[in-house]
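Encoded as structure tokens, the structure appears first; notes follow it.
Chain identifiers are assigned alphabetically (A, B, ...) following the order of the sequence lines, protein sequences preceding nucleic acid strands; residue numbering begins at 1 within each chain.
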Protein chains: 2
Amino acid sequence: MDDRIKTVLRTLIRNFIDSAEPVGSRTLSRLLDIDLSPATIRNIMADLTEYGFLEQPYPSAGRIPTEKSYRFFLDTCELDMELSEKTREGIEQRLMKKKGGLNHMLEEATRIISNETTFTGLVSSPRLSEARMRRVDFLRIDESRVYVVLITISNMIHNRIIEVSEELSQDFLDQVSGVLNEQFSGSLLSEVRSRMVESLMKDKDAYEEMLAQAVRVGKKALDLTEERELYVDGHFHMVEGFSGMDSIRKLLMALEEKMTIIELLDQTLTTPGLRVRISPSLANMALQECSVVASTYGGKDRALGTIGIMGPLRMDYQRVIPVVDYTARMLTEMICNQ
Amino acid sequence: MDDRIKTVLRTLIRNFIDSAEPVGSRTLSRLLDIDLSPATIRNIMADLTEYGFLEQPYPSAGRIPTEKSYRFFLDTCELDMELSEKTREGIEQRLMKKKGGLNHMLEEATRIISNETTFTGLVSSPRLSEARMRRVDFLRIDESRVYVVLITISNMIHNRIIEVSEELSQDFLDQVSGVLNEQFSGSLLSEVRSRMVESLMKDKDAYEEMLAQAVRVGKKALDLTEERELYVDGHFHMVEGFSGMDSIRKLLMALEEKMTIIELLDQTLTTPGLRVRISPSLANMALQECSVVASTYGGKDRALGTIGIMGPLRMDYQRVIPVVDYTARMLTEMICNQ
DNA sequence: CGTTAGCACTCATCACAGCAGAGTGCTAAT
DNA sequence: ATTAGCACTCTGCTGTGATGAGTGCTAACG
């Protein structure tokens, strides 16, 4: 594709992003650095339309970019990832205040990212399997139930009630948790689970029967069925970013299918770092009118979760991307250095 | 106020609730059981308008009810609190599934109430001060920080990190939690806090200094600064219930000021049971276009939290109220009997 | 005196027409 | 290859009736 054509396309996209209105050849001619008459631009635009980069809402309106255009724009624009001192400090300080409880920090991160981008903020909680265990405790509730409290290195707390078929004493439970804590504090939970059996085996003092019990409890306690959470903030930005009542309604509905959204975000997790998804298709529905900018947080090698925003296709990516990126980095830093 | 006038008003309100359109004298005449000509009804309506019960969107449109009307309607309509077998079972079973983790149960309750009423569901988590303690544990993180895990009788888990000025050993912390658990398991948290000092005093074996430390830790750990949570579900119902883009935006914004909404809901807590708030005024903003139907859950004497919905003034109260009421009762039952 | 019929009046809503403006595609000239 | 010119298309706005729902008032009625 010609270099001049690219410039025209980029200018058109940029203009559409902040005007939200179809762009005509005249406007474009005025806007461009190179001197080109509207007629020439019309020819270029006709070509671009044919290639599938532009659309006309109706004959004789200006052109608007298609999804393809946004993808092109993202691939070719060079991003300035630097944020202003002020923004950086603001983000850092807001996060710092919530240091301690990870859940509060994630909540605040969601809010920050929503505020700073003026789009709806999304954060998925860490995947248990990728987390490192700090400590696990078992509290006996009654003859058939045990309360499990699992604390990760990053101070995320997970709790669940497990049903046990035989009665277990608190003493016994303490013993099991004692062994697990001693052996595995700091290990990846997925490892703990796989290496648990051999570790408990070592404790030769235990009776056969008790050992079996211990393993059963441990397995259930560390069941990694992902109990993920989704933090959402800035629902109202959907009203600003989209125009049709119906699409707003659909998007708000989609946001409440938390598991589906988490799956969507998780697609980012496979490759650490930032990723933009233009009109992603979900399990059953398609979010055709929106795009998601998301990044992983929580360690380079093993991403724990995702932080990002959801907004209309025509968002100012050059402004949004650095914010998402920086917030993800800050979050990672604070989670790892504590 | 005349009996006949009341009937007219009630009929008008009912009609407006499901048509959402101004009601005229003609329609009303057809709808009423009593035989009255449109002219007579016009006279009645003129009076009602003067009393402040009705409004005209513009001269020569029908009339619409004012807030005052809705209040009147609620005061005088007799409610049938019976739900269909099917609805009751549905609610019960959905709640039952999530029994165990209170947070999951509250989340599900929010969703249920939103689904069943087709309005936005709201649930505030229990007030710590009104909860009974099951168990408290202290986990040493490092020389200056201690992780506190507090489990209530209803299996709500609260955790926080407290900063301590002197280094404390895990053994010492276990000792403190041991005493607290022994002495206070089952007590109201507010009591625990006030009676903690004397209780620790009894343990004469402890050194003076350690005692002081223990009290300091205990106080911090049981700081009842309410760490409340707000569960919201069914944001998209706002789009259906309200018409103006701008009011939808404002309401969605209001919902994200979690603390403000919790305060609003808490006004229900003073008197146990169900309460309807017509266009409630909040801290700074006024939610003039909406009403909140909420009830307390978690014990008659000591309400723990609130469950309810938020929707437009013109909602079908006769349908919504029983649902909120029943769900609140079910929730209470499940929390108390476990 | 309460109730009703009749009538004039007020607005919103809708359809239709006409006009200005923006933008296009095509053709022919540069 | 680029541009100027021109005919054409379509939206958006404005204005004009016409329609219809609904009112308020007055006068008649039982």
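- In this structure, the CG atom of A:Asn43 is 12 Å from the P atom of C:dT27, given to the nearest Å.
- The distance from atom CZ of B:Phe16 to atom P of D:dG22 is 14 Å, rounded to the nearest whole Å.
- Checking B:Pro38 against B:Pro59, the closest nucleotide of DNA chain C that is more toward the 5' end is the one next to B:Pro38.
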How far apart are the C-alpha atoms of A:Glu67 and A:Arg71, what are their side-chain angles, what is the distance that settles it, and do they pass the salt bridge (Lys or Arg N to Asp or Glu O under 4.0 Å) test? CA-CA 6 Å; A:Glu67 290 173 27; A:Arg71 295 218 176 81; 3.6 Å; yes

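- More than 12 heavy atoms of other residues, nucleotides or ligands lie within 6.0 Å of CG in A:Asp2, so this atom counts as buried by the packing criterion.
- Judged by distance alone, with hydrogens and angles left aside, the side-chain atoms of B:Thr306 form no donor-acceptor pair with the main-chain N or O of B:Thr296 at under 3.5 Å.
- Considering only side-chain N and O atoms, B:Thr40 lies under 4.0 angstrom from the phosphate OP1 or OP2 of C:dT4.
- Minimum atom distance to the side chain of B:Tyr58 is reached by C:dA12, of the listed C:dA12, C:dT24, D:dT23.
- As a whole-Å value, the separation of B:Gln56 CD from C:dA12 C1' is 13 Å.
- Neither OP1 nor OP2 of C:dC7 sits under 4.0 Å from any side-chain N or O of B:Arg42.
- The side chain of A:Arg63 contributes an N or O atom lying less than 4.0 Å from OP1 or OP2 of C:dG25.
- For the pair A:Leu48 CG and C:dG23 P, the interatomic distance rounds to 17 Å; values are reported in whole Å.
- Other residues, nucleotides and ligands contribute over 12 non-hydrogen atoms within 6.0 Å of the CG atom of B:Asp75.
- Within 4.0 Å (heavy atoms only), B:Ala39 reaches at least one base atom of the nucleic acid.
- In this structure, the CG atom of B:Asp47 is 13 Å from the C1' atom of D:dG24, given to the nearest Å.
- Look at CE on B:Met45: it is 8 Å from P on D:dG24, rounded to the nearest Å.
- Residue side chain A:Ser60 reaches the base of D:dT9 through a donor-acceptor N/O pair under 3.5 Å, judged by distance alone.
- Atom CG of A:Leu32 and atom P of D:dT2 are 13 Å apart (whole Å).
- A salt bridge links A:Asp246 with A:Lys250: the closest approach of a Lys/Arg side-chain nitrogen to an acidic carboxylate oxygen falls below 4.0 angstrom.
- The distance from atom CG of A:Asp35 to atom P of D:dA4 is 10 Å, rounded to the nearest whole Å.
- For B:Ser37, the side-chain atoms get nearest to C:dT4 when compared with the rest of D:dT2, C:dT4, D:dT9.
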